[in-house]
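Contents: one structure, followed by commentary.
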Amino acid sequence: SVEDKPMGTGGPLNQVRTMLQDDFIVLFGDIICRIDAKKLIDFHKKNKSDATVVIHDTDHPQDSDLVEIEKDGKVKKFWLKPHTETPATSKGAAGMYMFNAKVLEHVPADKFSIEKQLLPLLQEKSYNVYGYDTKEFLKDMGTPERMKEIEEKMKNNQI
């Protein structure tokens with residue numbers, strides 16, 4: 001799909017809304033990953049999650065949205081960037097999510113952010129929001145430095 005104007009991380013969901021009847025996965029365009037999607041799906045379904053945020057230890061917590069979870073994986077708190085307090089976690093939102101289609105009723109028709117608007121709203125409205133903590137490979141390649149790092153890893157078969 002192509003946006004006529006930038007719609008944020010969540011706005012494009014409106015372009016596919018009518019096609020989404022069940023659970024679905026969202027992966028941001030600047031993320032490269034090698035992940036076992038079946039494990040994510042099983043976690044999402046086992047927890048009867050309405051929204052599952054894929055999280056991992058981040059090497060750049062200062063410019064990441066961070067997610068604090070309970071022992072069972074339920075999201076306790078979102079630490080959205082820029083951080084005004086010292087976060088109690090280094091688990092970053094990895095740019096991959098799984099949602100139940102019912103959350104689409106909270107998707108505005110215009111530009112919006114999944115991480116800054118939709119997820120906190122779902123948590124506030126007592127939806128089941130979980131964090132899927134994984135050591136699998138997910139990397140943000142949204143800066144020139146990170147893109148160069150990914151290119152090197154790909155050349156050396158490290159992904």
Side-chain angles (χ1 to χ4, degrees), residues 1-3 6-13 15-16 19-20 22-83 86-101 103-104 107 112-120 122-123 127-159:
S1 70
V2 178
E3 300 170 340
M7 296 298 291
T9 57
L13 289 174
Q15 294 177 325
V16 294
M19 294 183 257
L20 301 172
D22 198 7
D23 295 336
F24 60 95
I25 293 174
V26 172
L27 178 66
F28 289 173
D30 64 350
I31 303 297
I32 186 166
C33 67
R34 184 174 178 107
I35 187 169
D36 184 341
K38 184 172 180 342
K39 287 182 183 178
L40 168 61
I41 293 165
D42 289 347
F43 175 89
H44 180 81
K45 290 184 181 292
K46 179 184 129 217
N47 289 295
K48 296 179 174 69
S49 184
D50 299 309
T52 299
V53 183
V54 177
I55 61 174
H56 63 142
D57 290 317
T58 179
D59 57 3
H60 52 91
Q62 69 283 355
D63 68 345
S64 297
D65 291 317
L66 303 175
V67 183
E68 187 177 349
I69 58 172
E70 305 283 353
K71 287 182 182 177
D72 66 354
K74 193 152 190 153
V75 170
K76 182 176 183 177
K77 182 175 180 176
F78 289 104
W79 297 82
L80 303 175
K81 63 183 178 188
H83 309 129
T86 303
T89 182
S90 63
K91 298 291 182 184
M96 184 176 201
Y97 306 89
M98 187 160 187
F99 294 105
N100 182 284
V103 306
L104 292 170
V107 170
F112 82 98
S113 167
I114 287 175
E115 57 279 20
K116 293 195 182 323
Q117 292 171 277
L118 181 60
L119 291 169
L122 294 176
Q123 187 182 31
Y127 278 75
N128 288 326
V129 181
Y130 280 82
Y132 175 73
D133 189 5
T134 184
K135 301 270 187 242
E136 295 171 289
F137 185 84
L138 287 113
K139 188 71 175 165
D140 171 348
M141 56 184 179
T143 67
E145 297 80 24
R146 292 181 193 147
M147 182 66 163
K148 188 173 182 175
E149 180 185 335
I150 293 298
E151 288 171 348
E152 286 300 314
K153 286 182 182 281
M154 290 178 83
K155 283 180 192 173
N156 297 320
N157 290 324
Q158 294 176 314
I159 299 176

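Values below: every heavy atom of this structure, side chains too, minus hydrogens, waters and symmetry copies. None of these values were measured; they are calculated from a predicted model.
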On a heavy-atom basis, which atom in Leu66 and which in Ser90 lie closest, and how many Å separate them?
CD2-C, 4.3 Å
Say you draw a straight line from CD1 of Ile25 to CG of Leu40; how long is it, rounded to the nearest 0.5 Å?
5.0 Å
For the residue pair Leu80 and Asp65, what are the closest heavy atoms and their distance?
CA-OD1, 3.3 Å
Determine which pairs satisfy salt bridge (charged side-chain N to carboxylate O under 4.0 Å, His left out) with at least one residue from residues 24-38, sequence neighbours left out, and list them in order.
Lys38-Asp42
Within the structure provided, determine whether Trp79 and Val67 are in side-chain contact (heavy-atom separation under 4.5 Å).
no
Are Tyr132 and Ile35 packed together at the side-chain level, in the sense that at least one heavy-atom pair is separated by less than 4.5 angstrom?
yes
Quick check on side-chain hydrogen bond (donor to acceptor under 3.5 Å, both in side chains): which of Asp22, Asp23, Asp50 does Asn100 satisfy it with?
Asp23
Measure the shortest side-chain to side-chain distance between Lys139 and Asp59 over non-hydrogen atoms and say whether it is less than 4.5 angstrom.
yes
Flag the pair Asn47 / Asn128 as yes when at least one side-chain heavy-atom distance between them is below 4.5 Å, and no otherwise.
no
Can you check whether Asp57 reaches Lys135 side chain to side chain, under 4.5 Å on heavy atoms?
yes
Might you point out which heavy atoms bring Gln123 and Val129 nearest each other, and give the distance in Å?
N-CG2, 4.0 Å
Heavy-atom distance under 4.5 Å between the side chains of Arg146 and His60, does that happen here?
yes
Could you check whether any side-chain heavy atom of Met96 comes within less than 4.5 Å of a side-chain heavy atom of Ile31, counting everything from C-beta outward?
no
Please report the interatomic distance NZ(Lys76) to CD(Glu70), rounded to the nearest 0.5 Å.
5.0 Å
Can you name the nearest heavy-atom pair linking Pro12 to Met7, along with the distance?
CD-CB, 3.9 Å
Decide, yes or no, whether a salt bridge links Lys39 with Glu136 under the criterion of side-chain N to carboxylate O below 4.0 Å.
no
Nearest 0.5 angstrom please: Ile69 CD1 to Ile55 CD1, how far?
4.0 Å
Rounded to the nearest 0.5 Å, how far apart are NZ of Lys148 and OG1 of Thr143?
12.0 Å
Test item: Lys81 and Gln62 side chains (from C-beta on) under 4.5 Å apart, heavy atoms
no
Taking all atoms of both residues into account, what is the closest heavy-atom pair of Thr9 and Ser113, and its distance?
OG1-CA, 3.4 Å
Tell me whether the rings of Phe24 and Phe99 are parallel (<30°), tilted (30 to 60°) or perpendicular (>60°).
tilted
Going from CD1 on Ile32 to CZ on Phe137, what distance comes out if it is rounded to the nearest 0.5 angstrom?
6.0 Å
Could you pull out every donor-acceptor pair under 3.5 Å between side chains of residues 151-159 and any protein atom, sequence neighbours left out?
residue	atom	partner	partner atom	Å
Asn156	ND2	Glu152	O	3.1

Knowing that exactly one of Val53, Leu119, Val107 qualifies, which makes a side chain to side chain contact (heavy atoms under 4.5 Å, CB included) with Ile114?
Leu119
Of all heavy-atom pairs between Ala94 and His56, which one has the smallest distance, and what is that distance?
CB-CD2, 3.4 Å
Can you tell me how far the NE2 atom of His44 sits from the OH atom of Tyr97, to the nearest 0.5 Å?
14.5 Å
